[in-house]
Undergrad: 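Sharing a structure here in C-alpha cells format.
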Amino acid sequence: MVLTSLSPQESPSPAYICPLDQACSYLEEAARELKLDRSIIDILSNPRKVVTVSIPVKRDDGEVQVMAGHRVQHCDILGPYKGGIRYHPAVTLREVSALAMLMTWKCSLLGIPYGGAKGGIAIDPKSYSIGELERITRRYTSELIKDIGPAVDIPAPDMGTSAREMAWMMDTYSVNVGHAVPGVVTGKPLSIGGSRGREMATGRGVMIIVREALADLGKSLVGTRVAIQGFGNVGSAAALLLHQAGAKVIAVSTGMGGVFSDVGLDIPALKAYAAQNRMSIVGFPQAAAISNTELLTLACDVLIPAALENQITEDNVDRIQARIIAEAANSPVTLQANQALEARGIMVLPDILTNAGGVVVSYLEWVQGLSYVFWDEERVNRELENLMVQAYRQAIQQTKVRQISLRLAAYTLGVGRVAQAFTDRGLYP
Ligand code: NAD
C-alpha cells in the first residue's frame, strides 16, 4: 500500500508507465519469494520522508522563475541516505520516489551501509546558463540544508548533474554550517575531496557486469557487438571501457540522435567529437545516422540502455534483437517488457546490479573523506571490481538456489537484507 500523498498520477499521458508502481511491483514479487510479512512490505513500499521545496531563481534577464525541487528519503535502516540529484524535464515526485526505493535495494545488494534517496528538479539544464544553474543548485541545497549531511543524506550526480553541481552543493552546505564539509556529497571534483575513478565508476561497473555475464555464457568482450543508448556520464564511460576491452561498439545515441558503424565506432574519437559539439554526436564522420528507435532494435549481442526509464516497452519489445540487455539506466525496461524478454530467453542484467558502480565508488569516496586518506585509482578500481563481481556472483547463486530470474534474485538479496535489518532493529517505539 502506497501512501495517498504519492498516489495521484502526475503525468497526463495515457502511455505513462508509473515508475513507482513498477518499483512496488518488483518489491511485492521479491517479498512473495521471501515470504515477508505484510507489515514489512507496507513499510518498505513507502518513503520515510518526502521533501518538496520551492526554488525561486533569478534568470539572467532579471525575471524570477519558481520551480519545485524534490528529495525523497526511502529507508535509512542500513545507514545514511544516499542517492543522485537529477535535472531533467520529466522529473516527478513519483519518479524520484521510485528511484529512491531502487537505491535502497542497490546499496543493500552491494553490501554498502547506506539507505536509498533521490532528488530532482524538473528542468532541462540545457535551457539555463551556467550562472542560472549555479543559482538553482545553491538555492535547492539551501532549502534542503536540514535534510542532508554526511551522516544523514549524501547526494551525488545523476542525469543532468555532474561534479560541478556537487561542488556548488558542497560549498553551499559548508558556508551554511560554517566549515568545510566534503562528506556531504560524493562525485565531487578531486580538488575538494572527490575520489579518483568516480567519473568512470558507473560505466566501469556496467563493463564488469557485462564481462561477467558473457563469461558465464562462455564468451568474452572481444568482438562482442554492443549498442548503447545515451552518451552521458554512464554511456560514454561504458562505451570507452568496452571499446578498450575489445568490444565493437556499433551504435551510440543521445537525445539529439545517434550514429552507427558496422565495423565499430572509434569511441575515443567520438568522445572528442561530442566534447567539441556540445555533447552531440550527430554528424560524426565515418558513421551513419541512426535514430534512438532504430538503435534499440538493432541486431547486436549486448544492448545497453544508458539514458532514461521506460525505453524498452510493450511497443518495441518484440523487435529487440540483442541477446543481453544491460540496464545501465534506472528502469529502462518496463515490467511487461521484462516479462516478454524473460519468456524469449533474453538475459536482462538488472539496474540495481548493473549500474551500482557509481554508488560503490561514492561510498569509497565517502570512506576516504571520513578517514582523510586518499587512494590511487588502481586501488579504487580494484575495490569496485571486487564488490561488483561479488554482488554478481551472489545474485547468480541466488538464481540457481531459488530458480528465479537474475532481476528477482538481485531484488531478493537487496530486499531480504533490509527486511532482516528491520527485524533485528525492531519497530520504534
Ligand atoms: P547524463 O545526463 O550524463 O547523460 C544522459 C544521456 O542520455 C545523454 O547522452 C543524453 O543526451 C541522453 N538522452 C537523454 N534523453 C534521451 C533520449 N530520449 N533518447 C536517447 N538518449 C537520451 O546522465 P547519466 O549520469 O549518464 O545517467 C544516465 C542513466 O544512468 C540515468 O538513468 C541515471 O539514473 C543512471 N545512473 C547514473 C549514475 C551516475 O553515476 N551518473 C549511476 C547510476 C545510474
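In what follows, residues are counted from 1 in the order of the sequence shown.
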Undergrad: So how far is it from Leu384 CG to Thr202 OG1, rounded to the nearest 0.5 Å?
TA: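 Between Leu384 CG and Thr202 OG1, I get 9.0 Å after rounding to 0.5 Å.
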Undergrad: Is any side-chain heavy atom of Met347 closer than 4.5 Å to one of Ile325?
TA: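 Side chain of Ile325 against side chain of Met347, heavy atoms only: no contact under 4.5 Å found.
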Undergrad: Suppose the criterion is salt bridge (charged side-chain N to carboxylate O under 4.0 Å, His left out): which pairs have a residue in residues 293-306, not counting sequence neighbours?
TA: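 Every salt bridge (charged side-chain N to carboxylate O under 4.0 Å, His left out) pair that includes a residue of residues 293-306, provided the two are not neighbours, is Asp301-Arg323.
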Undergrad: Within the side chain of Thr354, is there an N or O that forms a donor-acceptor pair under 3.5 Å with the backbone of Leu349?
TA: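 Pair found, side chain donor or acceptor close to backbone of Leu349.
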Undergrad: Go through the steps for Arg71 and Asp147 under the test salt bridge (charged side-chain N to carboxylate O under 4.0 Å, His left out), then give the verdict.
TA: CA-CA 9 Å; Arg71 184 73 180 167; Asp147 296 294; over 6 Å; no
Undergrad: Considering only heavy atoms from C-beta outward, does the side chain of Val91 approach that of Glu95 to under 4.5 Å?
TA: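 They are in contact (side-chain heavy atoms under 4.5 Å apart), so the answer is yes.
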Undergrad: Any carboxylate oxygen within less than 4.0 angstrom of a Lys/Arg side-chain nitrogen, looking at Asp76 and Arg48?
TA: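 Between Arg48 and Asp76 there is a salt bridge, with a charged N closer than 4.0 Å to a carboxylate O.
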Undergrad: Between the side chains of Tyr273 and Asp266, does any donor sit under 3.5 Å from an acceptor?
TA: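 Distance-only check fails for Tyr273 and Asp266.
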Undergrad: Suppose we screen for side-chain hydrogen bond (donor to acceptor under 3.5 Å, both in side chains). Which residues come up paired with Tyr173, at least two apart in sequence or across chains?
TA: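 For Tyr173 there are no side-chain hydrogen bond (donor to acceptor under 3.5 Å, both in side chains) partners, ignoring immediate neighbours.
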Undergrad: Just verifying a value: how many Å separate Leu217 CG and Ile324 CD1, rounded to the nearest 0.5 Å?
TA: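 The CD1 atom of Ile324 is 5.0 Å from CG of Leu217, to the nearest 0.5 Å.
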Undergrad: Can you list the steps and then say if Ile154 with Val184 is a side chain to side chain contact (heavy atoms under 4.5 Å, CB included)?
TA: CA-CA 5 Å; Ile154 308 144; Val184 66; over 6 Å; no
Undergrad: Keeping Glu165 on the side-chain end and Thr137 on the backbone end, is there a donor-acceptor pair under 3.5 Å?
TA: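 Answer holds: no.
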Undergrad: Looking only at heavy atoms, what is the nearest atom pair of Ala274 and Ile281, with distance?
TA: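 It is CB-CG2, 3.9 Å.
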Undergrad: Assess whether a salt bridge exists between Asp158 and Lys118, defined as any Lys/Arg side-chain N lying under 4.0 Å from an Asp/Glu carboxylate O.
TA: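 So Asp158 pairs with Lys118 through a salt bridge.
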Undergrad: Ser97 vs His74, test: side chain to side chain contact (heavy atoms under 4.5 Å, CB included). Steps then yes/no.
TA: CA-CA 7 Å; Ser97 303; His74 175 253; over 6 Å; no
Undergrad: Of all heavy-atom pairs between Ala328 and Ile304, which one has the smallest distance, and what is that distance?
TA: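 Scanning both residues, the minimum pair turns out to be CB-CG2, 3.6 Å.
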Undergrad: Mind listing the closest non-hydrogen atom pair of Val222 and Ala245 along with its distance?
TA: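 So the minimum-distance heavy-atom pair works out to CG2-O, 3.7 Å.
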Undergrad: Can you tell whether the side chains of Glu342 and Arg407 come within less than 4.0 Å, N to carboxylate O?
TA: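 No salt bridge links Glu342 with Arg407.
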Undergrad: Scan for ring pair (Phe, Tyr, Trp, His ring centres under 6.0 Å) pairs involving residues 349-383, sequence neighbours excluded, and state none if there are none.
TA: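 Every ring pair (Phe, Tyr, Trp, His ring centres under 6.0 Å) pair that includes a residue of residues 349-383, provided the two are not neighbours, is Tyr114-Tyr363, Tyr114-Trp366.
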Undergrad: With heavy-atom distances below 4.5 Å as the criterion, would you say the side chains of Val210 and Thr224 are in contact?
TA: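 Contact flag for Val210/Thr224 side chains = no.
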Undergrad: Just verifying a value: how many Å separate Arg379 CZ and Ser195 OG, rounded to the nearest 0.5 Å?
TA: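 Spacing of CZ (Arg379) from OG (Ser195) equals 10.5 Å.
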Undergrad: If every non-hydrogen atom of Leu78 is compared with every non-hydrogen atom of Ala421, which pair is closest and at what distance?
TA: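 What the structure gives for the nearest pair is CD2-CB, 3.8 Å.
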Undergrad: Is it true that Gln398 and Thr412 share a donor-acceptor pair across their side chains at a distance under 3.5 Å?
TA: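 Yes, side-chain donor-acceptor contact under 3.5 Å.
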Undergrad: Are any side-chain N or O atoms of Asp351 and backbone N or O atoms of Ala356, one a donor and one an acceptor, separated by less than 3.5 Å?
TA: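 No.
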Undergrad: Quick one: does any side-chain atom of Asn46 pair with a main-chain N or O of Ile43 as donor and acceptor, under 3.5 Å?
TA: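 Absent.
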Undergrad: Check the pair Glu212 / Arg393 against salt bridge (charged side-chain N to carboxylate O under 4.0 Å, His left out), numbers first and verdict last.
TA: CA-CA 9 Å; Glu212 293 299 301; Arg393 291 271 151 248; 2.9 Å; yes
Undergrad: Check Cys75 against Leu44 and note the closest heavy-atom contact, atom names and distance.
TA: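 In this case the closest contact between Cys75 and Leu44 is SG-CD2, 4.5 Å.
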Undergrad: Give a yes or no on whether the backbone of Arg319 and the side-chain of Asn316 come within a donor-acceptor separation of less than 3.5 Å.
TA: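 It does not hold such a pair.
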Undergrad: Might you work through the side chain to side chain contact (heavy atoms under 4.5 Å, CB included) test for Val51 and Val72, ending with a clear yes or no?
TA: CA-CA 6 Å; Val51 185; Val72 175; over 6 Å; no
Undergrad: Name all pairs fulfilling the side-chain hydrogen bond (donor to acceptor under 3.5 Å, both in side chains) condition that reach into residues 235-253, sequence neighbours left out, sorted by first residue then second.
TA: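 Sorted result for residues 235-253: Ser253-Asn292.
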Undergrad: Could you tell me the separation between the CD1 atom of Ile17 and the OG atom of Ser331, rounded to the nearest 0.5 Å?
TA: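 Nearest 0.5 Å value for the CD1-OG distance: 10.5 Å.
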Undergrad: What are the two closest heavy atoms between Pro89 and Ala122, and how far apart are they?
TA: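 Scanning both residues completely, I find the closest heavy atoms to be O-CB, 3.8 Å.
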Undergrad: Contact between Leu265 and Gln286 at the side-chain level, heavy atoms closer than 4.5 Å - yes or no?
TA: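 SC-SC contact between Leu265 and Gln286 ruled out.
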Undergrad: Between the side chain of Gln311 and the main-chain N/O of Glu309, is any donor-acceptor distance below 3.5 Å?
TA: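 It does hold such a pair.
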Undergrad: If only atom types and distance count, is the side chain of Gln368 paired as donor or acceptor with the main-chain N or O of Leu364 below 3.5 Å?
TA: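 Side chain of Gln368 to backbone of Leu364: a pair is present.
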Undergrad: Strictly below 4.0 Å, N to O, side chains only: are Arg204 and Glu385 in salt-bridge contact?
TA: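 Looking at Glu385 together with Arg204, the answer is no, because their closest N to O distance does not fall below 4.0 Å.
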Undergrad: Taking Ser127 for its side chain and Ile123 for its backbone only, find out whether a donor-acceptor pair lies under 3.5 Å.
TA: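 Looks like no, no N/O pair under 3.5 Å.
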Undergrad: Would you call Pro332 and Leu308 a side-chain contact if the rule is heavy atoms closer than 4.5 Å?
TA: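 With C-beta onward as the side chain, the pair stays apart.
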Undergrad: Applying ring pair (Phe, Tyr, Trp, His ring centres under 6.0 Å), can you list everything that pairs with Phe231, at least two apart in sequence or on another chain?
TA: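 In terms of ring pair (Phe, Tyr, Trp, His ring centres under 6.0 Å), with neighbours along the sequence ignored, Phe231 is linked to no residue.
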Undergrad: Under the rule for side-chain hydrogen bond (donor to acceptor under 3.5 Å, both in side chains), what residues qualify as partners of Tyr128, not counting sequence neighbours?
TA: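 For Tyr128, the residues satisfying side-chain hydrogen bond (donor to acceptor under 3.5 Å, both in side chains) (neighbours in sequence not counted) are Gln65.
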Undergrad: Run the numbers on Thr313 and Gln336 for side chain to side chain contact (heavy atoms under 4.5 Å, CB included), then give the verdict.
TA: CA-CA 7 Å; Thr313 66; Gln336 288 76 10; over 6 Å; no
Undergrad: Please determine whether side-chain hydrogen bond (donor to acceptor under 3.5 Å, both in side chains) holds for the pair Asp424 and Gln420, giving the CA-CA distance in whole Å, both sets of side-chain angles, and the decisive distance to 0.1 Å.
TA: CA-CA 6 Å; Asp424 292 342; Gln420 185 61 48; 3.0 Å; yes
Undergrad: I need the single residue from Ile228, Leu242, Leu240 that forms a side chain to side chain contact (heavy atoms under 4.5 Å, CB included) with Ile267. Which is it?
TA: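 Looking at Ile228, Leu242, Leu240, the match for Ile267 under the side chain to side chain contact (heavy atoms under 4.5 Å, CB included) is Leu240.
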Undergrad: Closer than 3.5 angstrom, by distance alone: can the side chain of Lys106 be matched with the main-chain N or O of Leu353 as a donor-acceptor pair?
TA: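 Flag not set: sc Lys106 to bb Leu353 has no pair under 3.5 Å.
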Undergrad: To the nearest 0.5 Å, what is the distance between CG (Asn233) and CD (Glu199)?
TA: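 Asn233 CG to Glu199 CD: 6.5 Å, rounded to 0.5 Å.
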Undergrad: How about Leu341 and Val333: do any of their side-chain heavy atoms sit closer than 4.5 Å?
TA: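 Yes, their side chains come closer than 4.5 Å.
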Undergrad: Quick one: are Thr186 and Lys82 in side-chain contact, heavy atoms under 4.5 Å?
TA: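 Answer yes - side chains close enough.
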Undergrad: Hey, is the main chain of Val359 close enough, under 3.5 Å, to the side chain of Ser362 for a donor-acceptor pair?
TA: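 Looks like no, no N/O pair under 3.5 Å.
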Undergrad: Between atom OG1 of Thr161 and atom NE2 of His88, what is the distance when rounded to the nearest 0.5 Å?
TA: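 Those atoms lie 12.0 Å apart.
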